[in-house]
Q: 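Sharing a structure here in structure tokens format.
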Amino acid sequence: MASQFFSRLNMAVPTIGATVGAAWTTVRSALPDSCVNSQQDEQLHFAKFGRKPNDTELSNLQNSGAEGGLQRVDSVGDDESCGGGEFGNSRHKISEWQAGWNVTNAIQGMFVVSLPYAVLHGGYWALTAMIGVAYICCYTGKILVDCLYVTNEEGQLVRVRDTYVSIAEECFGRRVGARIVNTAQLIELLMTCILYVVLCGDLMVGTFPDGAIDTRSWMMICGILLLPCSFLKNLHHVSTLSFWCTMAHVVINVMIMGYCLLQAATWGWSQVSLRINIFTFPISLGIIVFSYTSQIFLPSLEGNMSDPSKFHCMLNWSHVAAAIFKSLFGYVGFLTWQANTQEVITNNLPTQGFKGVVNFILVVKALLSYPLPYFATLDLLERAFFKGRPDTTFPRMWTVDGDLKVWGLALRVFLVVFTTAMAISIPHFAILMGFIGSFTGTMLSFIWPCYFHLKLKGPTLDWGTVAYDCFVIFLGVLFGVIGIYYSFRALVEAFQIGLPF
């Protein structure tokens, strides 16, 4: 009897292998094509960012330029430092995972600790913005990289531009375009570096509130720890630091989310507002927009990838993961502390010991996040001023052997010192972050990518794509103007009250 029972049970219940196989097939059908299909399918769908079949469709991609493939041009100039986008020499290739660590570093960085504060002022509208802004920034990232390519007479997709600046030069003119975009990128990157140092100081003084070291002194100590960044040479090294930054991010998330879940019985479900406070919501919106800004790095990451056909997939999943986590983290964090939610959520933790451990790991994460915008800033400055005569006023920083000259190292050290000095003078973390996000963030993430797309790809776009690009430009202008006004007003009021040290 027992043998008959188990025989019938085996006939009725599928094997584990068959069940897992069927489940994987279902999951595969839901994943983006470029992640799971064959290499040929990845090549066919790479760079297909428009909605028309003939809009930058890629018929055959071969990174090495093999016969019958797509001719992929890494650089259109003669400068040997070009070729991989903003980060220079393309000999140091990175995988899609390494590119993903850098994007994750940019969009899931330190500013996640201010998301519950954004929900405090924006309610459900802030949660909606966390998802909507992720979708828009993912879209604008794709079309920005699409603008690096043109379709030649043979129907092949050719990479004729390397950087965000080169796209702007094509649309705004060589002199004006380069200056406008370079200025915006430098402001964005420098302020990001400054905000990392500011956050380190705030976290350390929160860990030792009665200690002898004040906020400005902690910032100076963190600045000293960042001096080794001056020796970074390529994006591969930065990607390694971004990986460990992501690991620290995971540890922090598990600790804070774990504590919040333990407090679920006291969550204030009714405290999340459906109304918008016009005086505080723009600050929240600026925080959200600024936290998704990665467009500065995308041309270089795509140009330095060993398999650029994985770029589309990498960008999709990094933004999907960011949208899910940020909305959950912001929502759960606010439900836990409600009206008492502070600018940096770790200051709400109950015990000094718990807060100290979390703050220390966050400081480590901030120090590991700093190299990405710092390295990008160095490269922008080098391209603008230190390519050598007659292209630029100043000579090259590097010797023929590839070593950094002494004065070039001194300039890199000065940049660390400069960001530290500025951090000491600008302590209001969340308000300043909202101000920066409302200005440079909307320009780099919303307005310019869509304008460049319309300018360079307009004749090949259908009316739906044109309408959506115009809609994103409108949102960018609206968010920027409102956010700049109210964030600046809040910043002035904060300085009138006085510095928090």
Side-chain angles (χ1 to χ4, degrees), residues 79 81-82 86-89 102 105-106 109-110 163-165 178-179 181-202 204 213-238 241-242 245 296-297 300 363-364 366-389 391-427 429 432-433 436 440:
D79 184 7
S81 67
C82 301
E86 272 93 352
F87 291 107
N89 203 316
N102 285 305
N105 185 2
M110 296 302 301
T163 66
Y164 206 136
V165 172
R179 290 180 177 177
V181 176
N182 261 333
T183 301
Q185 288 186 110
L186 283 173
I187 292 174
E188 180 87 359
L189 293 169
L190 284 173
M191 296 308 293
T192 301
C193 294
I194 292 169
L195 288 172
Y196 283 138
V197 180
V198 170
L199 183 58
C200 286
D202 289 343
M204 292 306 296
I213 304 178
D214 61 4
T215 305
R216 289 179 289 184
S217 299
W218 279 120
M219 292 179 186
M220 292 179 64
I221 293 173
C222 293
I224 294 173
L225 295 176
L226 290 169
L227 288 176
C229 293
S230 305
F231 296 94
L232 290 172
K233 287 188 175 182
N234 58 65
L235 189 58
H236 180 78
H237 298 154
V238 177
L241 295 175
S242 293
C245 175
I296 294 177
F297 312 108
S300 63
V363 170
V364 173
L367 295 176
L368 292 172
S369 299
Y370 184 93
L372 180 61
Y374 170 80
F375 190 67
T377 303
L378 286 174
D379 192 79
L380 285 175
L381 291 173
E382 186 173 347
R383 285 175 173 271
F385 302 107
F386 301 99
K387 291 172 64 176
R389 298 183 179 91
D391 295 331
T392 58
T393 304
F394 302 101
R396 293 176 59 87
M397 291 184 181
W398 303 89
T399 64
V400 178
D401 298 330
D403 295 326
L404 191 64
K405 296 179 181 178
V406 175
W407 64 267
L409 179 61
L411 181 63
R412 287 172 164 235
V413 172
F414 171 77
L415 187 59
V416 177
V417 175
F418 172 77
T419 55
T420 304
M422 293 298 294
I424 294 174
S425 305
I426 310 174
F429 175 68
L432 178 62
M433 185 167 58
I436 298 300
T440 57

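Values below: all heavy atoms of this structure, side chains included; hydrogens, waters and symmetry mates excluded. None of these values were measured; they are calculated from a predicted model.
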Q: Please report the interatomic distance CZ(Phe394) to CD(Glu382), rounded to the nearest 0.5 Å.
A: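 Phe394 CZ to Glu382 CD: 13.5 Å, rounded to 0.5 Å.
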
Q: How many angstroms lie between CG in Asp202 and CG in Leu195, if you round to the nearest 0.5 Å?
A: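 Between atom CG of Asp202 and atom CG of Leu195 there are 10.0 Å.
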
Q: Just do the side-chain contact (heavy atoms from CB on, under 4.5 Å) check on Leu404 and Trp398 with the steps written out, would you?
A: CA-CA 5 Å; Leu404 191 64; Trp398 303 89; 3.8 Å; yes

Q: Roughly how far, to the nearest 0.5 Å, is OH of Tyr370 from CD1 of Ile194?
A: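 Spacing of CD1 (Ile194) from OH (Tyr370) equals 8.5 Å.
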
Q: Could you go through the side-chain contact (heavy atoms from CB on, under 4.5 Å) check for Leu190 and Leu415 one step at a time?
A: CA-CA 9 Å; Leu190 284 173; Leu415 187 59; 3.7 Å; yes

Q: If the condition is side chain to side chain donor-acceptor pair (under 3.5 Å), which residues does Ser217 pass it with, not counting sequence neighbours?
A: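 Partners of Ser217 by the side chain to side chain donor-acceptor pair (under 3.5 Å) criterion, ordered by chain and then number, come out as Asp214.
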
Q: Determine, stepwise, if the pair Val165 / Arg383 fulfils side-chain contact (heavy atoms from CB on, under 4.5 Å).
A: CA-CA 10 Å; Val165 172; Arg383 285 175 173 271; over 6 Å; no

Q: Restricting to side chain to side chain donor-acceptor pair (under 3.5 Å), what partner residues turn up for Ser242, sequence neighbours left out?
A: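 Ser242 satisfies side chain to side chain donor-acceptor pair (under 3.5 Å) with Asn102, Asn105 once adjacent residues are dropped.
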
Q: How long is the straight-line distance from CG of Leu367 back to OH of Tyr196, given to the nearest 0.5 Å?
A: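 Output value for this atom pair is 11.0 Å.
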
Q: What distance separates Met191 CE from Leu186 CG, expressed to the nearest 0.5 Å?
A: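 These two atoms lie 12.5 Å from each other.
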
Q: Residues two or more places apart in sequence or in another chain: which of them pass side chain to side chain donor-acceptor pair (under 3.5 Å) with Trp407?
A: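 Trp407: no side chain to side chain donor-acceptor pair (under 3.5 Å) contacts found.
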
Q: Is Tyr374 reaching over with its side chain to a backbone N or O of Arg412, donor-acceptor style, under 3.5 angstrom?
A: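 Checked: pair present.
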
Q: Quick one: CE on Met220 to CD1 on Ile213, what's the gap to the nearest 0.5 Å?
A: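 Rounded to the nearest 0.5 Å, the CE-CD1 separation comes to 11.0 Å.
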
Q: Which of these passes side-chain contact (heavy atoms from CB on, under 4.5 Å) with Leu372: Leu232, Leu189, Val238?
A: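 The residue from Leu232, Leu189, Val238 that satisfies side-chain contact (heavy atoms from CB on, under 4.5 Å) with Leu372 turns out to be Val238.
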
